[in-house]
Amino acid sequence: MMPLTNPLLDVFYAARRIQHITQRTPLLLSDRLTEKHTQNCYLKMEIRQPTGSFKLRGATNKILSLSDKERERGIITVSTGNHGRAVAYVAHELGIKATVCISERVPDNKVKSLQKLGANVVIYGKSQDEAEVRAIDLMTEHGYSLIHPFDDPYIIAGQGTIGLEIMQSLPDTSAILVPLSGGGLISGIALAVKSINPKVQIIGVSMQGACVMYHSLQAGKPIEMPEQDTLADSLLGGIGLENQHTYSIVQNYVDDIILVNEDDIAQAMALLFHEHHAVVEGAGAVGVAALMSGKFKANGHVVSVISGGNVDTATLLNIASDYRRE
Ligand SMILES: *Cc1c(COP(=O)(O)O)cnc(C)c1O
């Protein structure tokens, strides 16, 4: 398999490879969003993956592509939480030793759940980029394979299986709203979906204060930005100054990037909770935030990828009571 020479074929291979560990997730029609926007709005429920986020797809595809020797030496990753959780889960399923390097910014609940999954957790530095430097040291020291959170053809192809499932279930999709940080999720979905129907609009949604991909595209090259606290903590982290894949895929295949703010995100989390009884983290709710705030005008069948549900319970309950049902 030659990664990215035939992206759609790579995504089909990924779909076959990951099927025993990941779930095919439901695509739900949201009556409430549909009624508000007079268009059919659907939710692709990645919160139903066993680890609570889509990251399981890419991680499974990557880890299953490693040789027996590589698996024996072990794997290492850097993560804001959900990718680390996915790597730890797959490693545990396959009996591989996993080390996860995270920054001090990652919330406590995410650290604990990684440890519960049996991963060796190393906390280092104030940002993802600092944690990554440490991971590379450990990698060279122990011969671990690095499982990158987004900038890897196998990770991208794994996330692309979401695009396949959407097109199988809803061939007349007109637009897909995709949470965007490092760009692995949107790259995979864009490659798969545009190969099937180039007319489907692929829209990235980022958090206003952490939209590194957006500013990188404007600058014409990958840039770095300081991190800030946000409800969408899974969207923190840069795209890497040495970005190999996702920057150019986003540049070539993504139609637009929309930025939402904290209030938009909180309203979307509350709607998903009250109307769909869905526990969704900030990053997972940005697509719905783009619809509710009117920043994205729906036309035809619109799918919002509900990317993850690993949210601190107290945070979600505060939001749910602050933003009650209208
Ligand atoms: C990682 C993550 C994203 C962003 O995915 P990228 O591939 O980095 O763009 C969005 N939502 C959730 C819940 C995530 O964990």
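Side chains are part of it too, since the values below use all heavy atoms of this structure and drop only hydrogens, waters and symmetry mates. Remember, it's 1-based here, ligands and their atoms both numbered in the order they're listed.
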Proximal ligand 1 atoms for [X], defined as those under 4.0 Å from one of its heavy atoms:
X    : answer
G308 : 13 (C)
L235 : 3 (C), 4 (C), 10 (C)
N82  : 13 (C), 14 (C), 15 (O)
G184 : 6 (P), 7 (O), 9 (O)
G183 : 6 (P), 7 (O), 8 (O), 9 (O)
P179 : 10 (C)
F54  : 1 (C), 2 (C), 3 (C), 5 (O), 10 (C), 11 (N), 12 (C), 14 (C)

Rounded distance [0.5 Å steps], [atom1] in [X] versus [atom2] in [Y]:
X    : Y    : atom1 : atom2 : answer
Q244 : I156 : CD    : CD1   : 10.5 Å
Q23  : E165 : CD    : CD    : 10.0 Å
E70  : S65  : CD    : OG    : 7.5 Å
I186 : I249 : CD1   : CD1   : 11.0 Å
I306 : H276 : CD1   : NE2   : 8.0 Å

(message) My understanding is that only one of V100, I63, I102 makes a side chain to side chain contact (heavy atoms under 4.5 Å, CB included) with T77; could you say which?
(response) V100
(request) Please indicate whether any nitrogen or oxygen in G284 is less than 3.5 Å from any nitrogen or oxygen in ligand 1. (result)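 No; the residue has no nitrogen or oxygen that sits under 3.5 Å from a nitrogen or oxygen of the ligand.
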(request) Flag P149 as yes when one of its N or O atoms lies below 3.5 Å from any N or O atom of ligand 1, and as no otherwise. (result)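 Looking only at distances, the answer is no, because the N/O contact criterion of under 3.5 Å is not met.
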(request) State plainly whether the residues K295 and D256 are in salt-bridge range, i.e. N to O under 4.0 Å. (result)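 No salt bridge links K295 with D256.
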(request) Out of M213, R85, K55, H83, indicate the one that has the non-hydrogen atom closest to atom 2 (C) of ligand 1. (result) K55
(request) Return the option from S181, G52, A86 holding the heavy atom at the smallest distance from atom 4 (C) of ligand 1. (result)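 When every heavy atom of S181, G52, A86 is considered, S181 comes closest to atom 4 (C) of ligand 1.
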(request) Indicate, as side chain, backbone, both or neither, the part of E281 found under 4.0 angstrom from ligand 1 when only non-hydrogen atoms are considered. (result)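 Only the side chain of E281 comes within reach of ligand 1.
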(request) Could I get the full list of ring-ring contact (aromatic ring centres under 6.0 Å, His included) partners for H148, not counting sequence neighbours? (result) F150
